[in-house]
There are 2 protein chains.
Amino acid sequence: MRLSEGVEWGLHCAAVLAFVPEGKGLPATKLAEYHGVPGAYLAKSLQSLSRARIVEALPGRNGGYRLARPADEITVLDVVEALDGAEPAFRCTEIRRRAPFKIPKSDFQIPCSIHTVMDRADAAWRAELRTVSIADILGMFVQHVSPETITKGAHWLEEALP
Amino acid sequence: MRLSEGVEWGLHCAAVLAFVPEGKGLPATKLAEYHGVPGAYLAKSLQSLSRARIVEALPGRNGGYRLARPADEITVLDVVEALDGAEPAFRCTEIRRRAPFKIPKSDFQIPCSIHTVMDRADAAWRAELRTVSIADILGMFVQHVSPETITKGAHWLEEALP
DNA sequence: GGAGTGATACTCGGATATCTGGTGTCCGAGTTTTCGCGG
DNA sequence: CCGCGAAAACTCGGACACCAGATATCCGAGTATCACTCC
């Protein structure tokens, strides 16, 4: 079980986009060169985030991406599900039905025990991700990083914005 | 993020193997036809379980597989990690280091915030799976299924064992 | 000088190749059973 | 009738193809900007 690389990119992008001022947008190209990742592929991830209404795209010459909502109203789970899909990792194929002897239908009214357990774990995973917002991520970030780095980042953003 | 199909098979197999009496083994072929899955591929999963000391293989003519430990000492997490690997789903590639300006090394002493959050969710997922044993799965099973089905299953196992 | 208009440059969006890892299959090594033979 | 031995049949174990989804890339659609022209 491996999470797509795009999830990591998307989360970092959301963190950067939180600093984009009202009315402006940061082009995908800039986001890509900031993180040192292939721009053409990052665009694909950003499109998924756009479809999920997590970021919004400003078209046109001085366009770009920006958060569609305040950073404290975007959870990490939102980003993960937008990029990775919301289907649970475990897919029950109901192989319990394939036993080589006849089983009454009533036995299958109750969900498969294994399915239940895996779903519970999946719910715990998602619940954990739902408790953390992009704003929280930024909070953890600024708490640990040197003020000098914050300044440099802000400066870089100034130059990158149209 | 998708969990391998073999995980489902492995869990169901572990549940069935819990009924194999002391000293005997159930061949992989029988397990495959019971679950209606390709036997050659199921063998691959069973080998992984064998390497992880979750099941043990009895070689020879009347050989087969059996649980290596009592069912209440095998957690669902054991099976999942044996088949899917124990590495966390999220892999941090430290893209925070690639920013196009110089960042002091000290900023990277603290683990990446995003990495931390994802790891915490991963831990919650694994913790949930660790609380459930194969014996618990069986308990949930016999609680809901009709006694008739249990009898049929026991009968099938009688015939399948050498 | 100001407004209108066309061209332009830059943006996003979806459709298109490539490649790694899961999926599926095969044959060889090893052990227990079993059958046959001799005592 | 019993013990021994060799062959056989069945088991697991690892090495070899195949395919779907993630990765990576491209080109087309659309819009704000800008420059130029005309009034």
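- Mapping A/Thr29 and B/Asn62 onto DNA chain C by nearest heavy atom places A/Thr29 closer to the 5' end of the strand.
- Under a 3.5 Å cut-off, the side chain of A/Arg66 and the backbone N or O of A/Leu17 do not form any donor-acceptor pair.
- For A/Ser146 and B/Asp107, the side-chain atoms include at least one donor-acceptor pair closer than 3.5 Å.
- At a threshold of 4.5 Å between side-chain heavy atoms, the hydrophobic network of Ile, Leu, Val, Met, Phe, Trp and Tyr places B/Ile150 and B/Leu161 in two separate groups.
- The closest donor-acceptor contact from the side chain of A/Asp72 to the backbone of A/Ser133 lies at 3.5 Å or more, if one exists at all.
- Residue contacts shown for A/Ala28 are limited to sugar-phosphate atoms, with no base heavy atom under 4.0 Å away.
- Bracketed by its first and final contacts, the part of DNA chain D lying under 4.0 Å from non-hydrogen atoms of chain A reaches from D/dT23 to D/dT33 in 5' to 3' order.
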Give each protein N/O atom lying under 3.5 Å from an N/O atom of nucleotides 19-25 of chain C, with the pair distance.
residue: C/dT23; atom: OP2; partner: B/Ser4; partner atom: OG; Å: 2.6
residue: C/dT23; atom: OP2; partner: B/Glu5; partner atom: N; Å: 3.4
residue: C/dT23; atom: OP2; partner: B/Tyr41; partner atom: OH; Å: 3.3

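- Between the side chains of A/Thr116 and A/Asp119, no donor N or O sits under 3.5 Å from an acceptor N or O.
- Of all the residues in residues 14-24 of chain A, not one reaches under 4.0 Å from DNA chain C with any non-hydrogen atom.
- Classification of the A/Trp9-A/Tyr41 ring pair by plane angle, with boundaries at 30° and 60°, yields perpendicular.
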Mind running salt bridge (Lys or Arg N to Asp or Glu O under 4.0 Å) on B/Glu94 and B/Arg96 for me, showing each step along the way?
CA-CA 5 Å; B/Glu94 289 285 336; B/Arg96 60 174 177 168; 2.9 Å; yes

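- The number of heavy-atom neighbours closer than 6.0 Å to CZ of B/Arg53, taken from other residues, nucleotides and ligands shown, is 12 or below.
- Linking ILVMFWY residues whenever their side-chain heavy atoms come closer than 4.5 Å, directly or via other members, places A/Leu11 and B/Met1 in the same cluster.
- Using a 30° and 60° split on the angle between ring planes, B/His12 and B/His35 fall in the perpendicular class, above 60°.
- Between the CZ atom of A/Arg61 and the P atom of C/dA7 there is a distance of 17 Å, given to the nearest Å.
- Using a 4.0 Å heavy-atom criterion, one finds that A/Gly25 contacts no nucleic acid atom at all.
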